[in-house]
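Residue numbers run from 1 in the order of the sequence given.
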Amino acid sequence: MEKFTLMAPCHFGTEAVLKREIQSLGYDIERVDDGRIVYSGDVTAIPRSNIFIRTAERILLLVGEFTATDFDMLFEGTKEIPWERYLPRDARFWVTKATTSNSTLMSGSAIQSIVKKAMVERMKQTYHLNRFDEDGDDYPVRVFIFKDKVSIGIDTTGISLHKRGYRELVGKAPISETLAAALLMLTPWKSDRILVDPFCGSGTFPIEAALIGANIAPGVNREFTSCDFNKFIDKKVWYDAYNEARDLEKRDVKLSIQGYDIAPDMIRVAMKNADAAGVGDYIHFQAKPVSELSSHKSYGFLITNPPYGERLEEKEALPELYSTLGERFRSLQDWSLFMITSYDEAEKYIGRKADKNRKIYNGMIRSYFYQFMGKKPPRR
């Protein structure tokens, strides 16, 4: 069966989790770069990656890689790619984004223009047409240039994978669904352990945890651009992937997941989002401040995205807030705390040094994922 090379971008610092996801689907890792992983698989890798992977931003079909230090080399390298293998004659194709770093070619708009022209020239030669109406299905293209090495991929996803479809309403500083899933998967949390987010906002951490716990694939209820790539992906491959995802769901699972927020309006938002995701019955949401956080259970997990204090008036309240979080954490018996924040005095006010911390970029904000480990439960 024909092999395809795919590229999956992700948040910087979460590459290890994405690598595990790809390997668990049975596909071969070719290389791990900062913020992206390149891997290979048969045609099933395109639908299954989009439906099952929780931590990637999108899935790109990598159609060509070459070196270019000027626009002539970029044009010729792009023209060499067998675009006719993937694009039908009525395809609507364009370069949706071009990013470049440490390279001779630096103008994103110029790169987009040159790549589009080269694609048109190749399509002219193949289909013997002087112009294209481009009134068919969408084939968006993305270009990455790093140290003069050009990577060109067809976007098989369309709307980013973090758009699960459940979060129509968000809080003031939401964490993305893909990053929340990656951070959860960096912890040793399992579905039989209690998990609490004391600053749950619109509910992303609890909802992603419930999706993981019930083994609900994040893309099972949405469509992707490549659902219409009929030239090289048979519809049956998509039907099989969706059916596989639904067959693997564990709807009878018992989960103990809780989300708290001081704002009642946000709790209502979180509940609506959880219902939209199909996991409302697995999560208990409640409006209450972090100062009232308590539990009689042992060996639980706190995972949260507390306020960062981006504005000066908010920053002044952070010492008390983080001190209160640390105090309530210490009152819980043998719990672990996992926290993403850009607040540089977080450990000081939590009251102990983190056992581990990992640099994570939350959008353009450099943050740290602090891990305060509790005791492991005794073996059963």
Passing option when Tyr27 is tested against Lys3, Arg48, Glu21 for side chain to side chain contact (heavy atoms under 4.5 Å, CB included): Arg48
Which atom names give the shortest non-hydrogen contact between Ala241 and Phe52, and what distance separates them? O-CE1, 4.1 Å
When rounded to the nearest 0.5 Å, the distance separating CZ of Phe205 from CD1 of Ile303 is 4.5 Å
Count the heavy atoms belonging to other residues, nucleotides or ligands that lie under 6.0 Å from OH of Tyr239, then report whether that count exceeds 12. no
If you define the side chain from C-beta out and look only at heavy atoms, does anything of Ile114 sit under 4.5 Å from Thr78? no
Let me confirm one number: the CZ-NZ distance from Arg142 to Lys97, rounded to the nearest 0.5 Å. 5.5 Å
Do Ile233 and Phe4 touch side chain to side chain, with heavy atoms closer than 4.5 Å? no
Can you find a pair of side-chain heavy atoms, one from Phe71 and one from Ile111, that are under 4.5 Å apart? yes
Which label fits Phe12 and Tyr361: parallel for a plane angle under 30°, tilted from 30 to 60°, or perpendicular past 60°? perpendicular
Which pair of non-hydrogen atoms, one from Ile175 and one from Arg167, has the smallest distance, and what is that distance? O-NH1, 2.7 Å
cation_pi(Lys375, Tyr299) dist<6.0 Å, angle<=45: no
In this structure, which one of Asn362, Leu179, Thr341, Asn305 forms a side chain to side chain contact (heavy atoms under 4.5 Å, CB included) with Ser367? Asn362
By the definition ring pair (Phe, Tyr, Trp, His ring centres under 6.0 Å), identify the one residue from Tyr139, Phe93, Trp238, Tyr86 that meets it with Phe229. Tyr139
Test Leu332 against Leu337 for side chain to side chain contact (heavy atoms under 4.5 Å, CB included), laying out the working first. CA-CA 10 Å; Leu332 300 170; Leu337 166 63; over 6 Å; no
Would you call the rings of Tyr322 and Tyr343 parallel, tilted or perpendicular if under 30° counts as parallel and over 60° as perpendicular? tilted
Show, in sequence, the C-alpha distance, side-chain angles and deciding distance for Ile46 and Ile59, and conclude whether the side chain to side chain contact (heavy atoms under 4.5 Å, CB included) test is met. CA-CA 7 Å; Ile46 296 172; Ile59 307 298; 5.7 Å; no
I would like to know whether Ile154 and Leu60 meet side chain to side chain contact (heavy atoms under 4.5 Å, CB included); could you show each step before the answer? CA-CA 5 Å; Ile154 301 173; Leu60 302 170; over 6 Å; no
Treating Ile, Leu, Val, Met, Phe, Trp and Tyr as nodes and any side-chain heavy-atom pair under 4.5 angstrom as an edge, say whether Trp94 and Val120 lie in one connected cluster. no
Is it the case that Arg352 places NZ or CZ above or below the six-membered ring of Phe372, under 6.0 angstrom from the centre and within 45 degrees of the axis? no
Take a 6.0 Å sphere around NZ of Lys124 and say whether it holds more than 12 heavy atoms from other residues, nucleotides or ligands. yes
Taking atom types as modelled, is there a side-chain donor on Asp148 or Thr67 under 3.5 Å from an acceptor on the other? no
Output yes when Arg36 and Asp34 qualify as a salt bridge under the 4.0 Å nitrogen-oxygen rule, no when they do not. no
Using 30° and 60° as the class limits, which term best fits the ring planes of Tyr242 and Phe224: parallel, tilted or perpendicular? parallel
I'd like to check Leu186 versus Phe338 (side-chain heavy atoms, cut-off strictly below 4.5 Å). Are they in contact? no
Under 3.5 Å, is there a donor-acceptor pair between the Thr225 and Asp155 side chains? no
For the residue pair Lys250 and Ser191, establish whether any side-chain heavy-atom pair is separated by less than 4.5 Å. no
If you count the non-hydrogen atoms of other residues, nucleotides and ligands that lie under 6.0 Å from CD in Gln23, is the total more than 12? yes
Using the salt bridge (Lys or Arg N to Asp or Glu O under 4.0 Å) rule, collect all pairs that involve residues 285-295, keeping only residues at least two apart or in two chains. none
Given the rule in the side chain to side chain contact (heavy atoms under 4.5 Å, CB included) test, do Leu211 and Arg54 qualify, once you have shown the distances and angles that lead to the verdict? CA-CA 10 Å; Leu211 291 172; Arg54 301 181 188 278; 3.8 Å; yes
Under 6.0 Å from the CD atom of Glu80, do we count more than 12 heavy atoms belonging to anything else shown? no
Step by step, work out the salt bridge (charged side-chain N to carboxylate O under 4.0 Å, His left out) result for Arg85 and Glu2. CA-CA 12 Å; Arg85 169 71 184 89; Glu2 182 181 0; 2.4 Å; yes
Pair Glu134-Lys116, salt bridge (charged side-chain N to carboxylate O under 4.0 Å, His left out): steps then yes or no: CA-CA 13 Å; Glu134 297 193 41; Lys116 170 74 175 188; 2.9 Å; yes
Flag if over 12 foreign heavy atoms under 6.0 Å of CD, Gln333: no
Is the backbone of Lys236 close enough, under 3.5 Å, to the side chain of Asp234 for a donor and an acceptor to pair up by distance? yes
Is the backbone of Met106 close enough, under 3.5 Å, to the side chain of Thr100 for a donor and an acceptor to pair up by distance? no
Quick test of your reading of the model: are Arg31 and Glu65 salt-bridged, counting only N-O distances below 4.0 Å? yes
With heavy-atom distances below 4.5 Å as the criterion, would you say the side chains of Ser295 and Gln258 are in contact? no
Say whether Leu18 and Leu62 are linked into one hydrophobic cluster, either directly or through other cluster members, by side-chain heavy-atom distances under 4.5 angstrom. no
Is Lys235 reaching over with its side chain to a backbone N or O of Cys227, donor-acceptor style, under 3.5 angstrom? yes
Check this for me: Ile159, atom CD1, are more than 12 non-hydrogen atoms of other residues, nucleotides or ligands nearer than 6.0 Å? no
For Met373, is the CE atom crowded, meaning more than 12 foreign heavy atoms sit under 6.0 Å from it? yes
Looking at Asp334 and Gly374, would you say the former's side chain and the latter's main chain have a donor-acceptor pair under 3.5 Å? no
Note: His284 and Tyr260 closest approach over all heavy atoms is CD2-CE2, 4.3 Å
Find out whether Phe199 and Leu325 are in side-chain contact, i.e. whether some heavy atom of one side chain is under 4.5 Å from a heavy atom of the other. yes
Residue pair Ser151 / Phe146, side-chain heavy-atom distance below 4.5 Å: no
In terms of heavy-atom contacts, does NZ of Lys163 have more than 12 from other residues, nucleotides or ligands at under 6.0 Å? no
